[in-house]
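Notes follow the structure.
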Amino acid sequence: MQLEDEIESFDATCAHLKLRIRSVSSVETASIDTEFIAEAICFRLFRVHERLLRSFFLHCCTQPVTLSGVQINSKLICPDTETAENILKGSGRFMEWGKSDEVKKISNLIFENGFPISDFILSNSQTMSDLHKIRNYIAHDSSEAKSKFVGVTRSYMRLEDAVPDQAGSFLLYRRRASESNVVTKLFGKVRQFSSHIQNL
């Protein structure tokens with residue numbers, strides 16, 4: 001899929017998720033169902049952001065110019081995205097596009113000053129890292145996933161509040177009744193990713 005098509009798909013998914021977020025956010029008291037939906041929203045948000053970053057990176061390897069027309073100085077210019085992805089995978093089974101630090105390291109090796117991938121990641125690294133850790137806690141029952149999840153919660157919660165056991169409870173958490181919940185805050189940042197890519 002071309003980057004422009006991936007951006008269109010990303011924006012369409014975000015429009016759909018916005019409606020689901022409004023729905024769960026309008027419920028006064030969280031339930032097992034709303035927590036489950038919040039986790040599903042977070043999982044989908046992670047997946048579409050990962051796809052968008054992958055498509056952006058592969059675009060830079062096949063068409064060395066940004067969507068706004070800025071030249072990309074790349075050491076890897078491939079005839080198609082499949083070739084580029086196979087080279088990037090090397091002997092590994094897959095590239096973990098959700099790990100922004102790893103993607104940034106590779107971009108710094110391939111592109112001059114990492115541009116434009118490093119610029120995108122630098123501006124969005126905290127959001128991407130938080131989303132990755134929350135998603136891992138939803139997907140994996142491990143002490144490492146839990147420890148990283150607890151670390152993320154401290155940026156969004158009041159110190160006196162206990163960390164929820166479930167990611168869904170955390171995603172619906174509000175510091176104050178007048179504030180947006182965590183999933184709304186994360187979504188607000190992630191949905192800007194496509195316009196950021198278009199403006200680089």
*Does CG in Asp141 sit with more than 12 non-hydrogen atoms of other residues, nucleotides or ligands closer than 6.0 Å?*
no

*All salt bridge (charged side-chain N to carboxylate O under 4.0 Å, His left out) counterparts of Glu4, not counting sequence neighbours*: none

*Using a distance-only test with no angle check, is there a side-chain donor-acceptor pair under 3.5 angstrom linking Ser100 and Ser125?*
no

*asked:* For Tyr137 and Phe149, take the angle between the two ring planes, folded into 0 to 90°, and tell me which bin it lands in: parallel under 30, tilted 30 to 60, perpendicular over 60.
replied: parallel

Which pairs would a plain distance check flag for residues 159-170, meaning a side-chain donor or acceptor within less than 3.5 Å of a matching protein atom at least two apart in sequence or in another chain?
unit_1 : atom_1 : unit_2 : atom_2 : d
Asp161 : OD2    : Arg158 : NE     : 3.0
Asp161 : OD2    : Arg158 : NH2    : 3.0
Asp161 : OD2    : Tyr173 : OH     : 2.6
Ser169 : OG     : Glu35  : OE1    : 3.3
Ser169 : OG     : Glu35  : OE2    : 2.8

_Under 3.5 Å: donor-acceptor pair, side chain of Lys104, backbone of Leu122_ = no

*Can you name the salt bridge (charged side-chain N to carboxylate O under 4.0 Å, His left out) partners of Lys148, sequence neighbours left out?*
Glu144

_Just checking Gln198: does its CD atom have more than 12 heavy atoms from other residues, nucleotides or ligands closer to it than 6.0 angstrom?_
yes

*Mind checking salt bridge (charged side-chain N to carboxylate O under 4.0 Å, His left out) for Glu50 and listing every partner two or more places apart, or none if nothing turns up?*
none

*Decide, yes or no, whether a salt bridge links Glu179 with Lys185 under the criterion of side-chain N to carboxylate O below 4.0 Å.*
yes

Acceptor/donor pairs from residues 12-19 side chains to any protein atom, 3.5 angstrom cut, sequence neighbours excluded:
unit_1 : atom_1 : unit_2 : atom_2 : d
Thr13  : OG1    : Ser9   : O      : 3.0
His16  : ND1    : Arg20  : NH1    : 3.3

*Indicate the atoms forming the closest heavy-atom contact of Val48 with Phe10, along with that distance.*
O-CD1, 3.6 Å

_With Lys105 via salt bridge (charged side-chain N to carboxylate O under 4.0 Å, His left out) - residues at least two apart_ = none

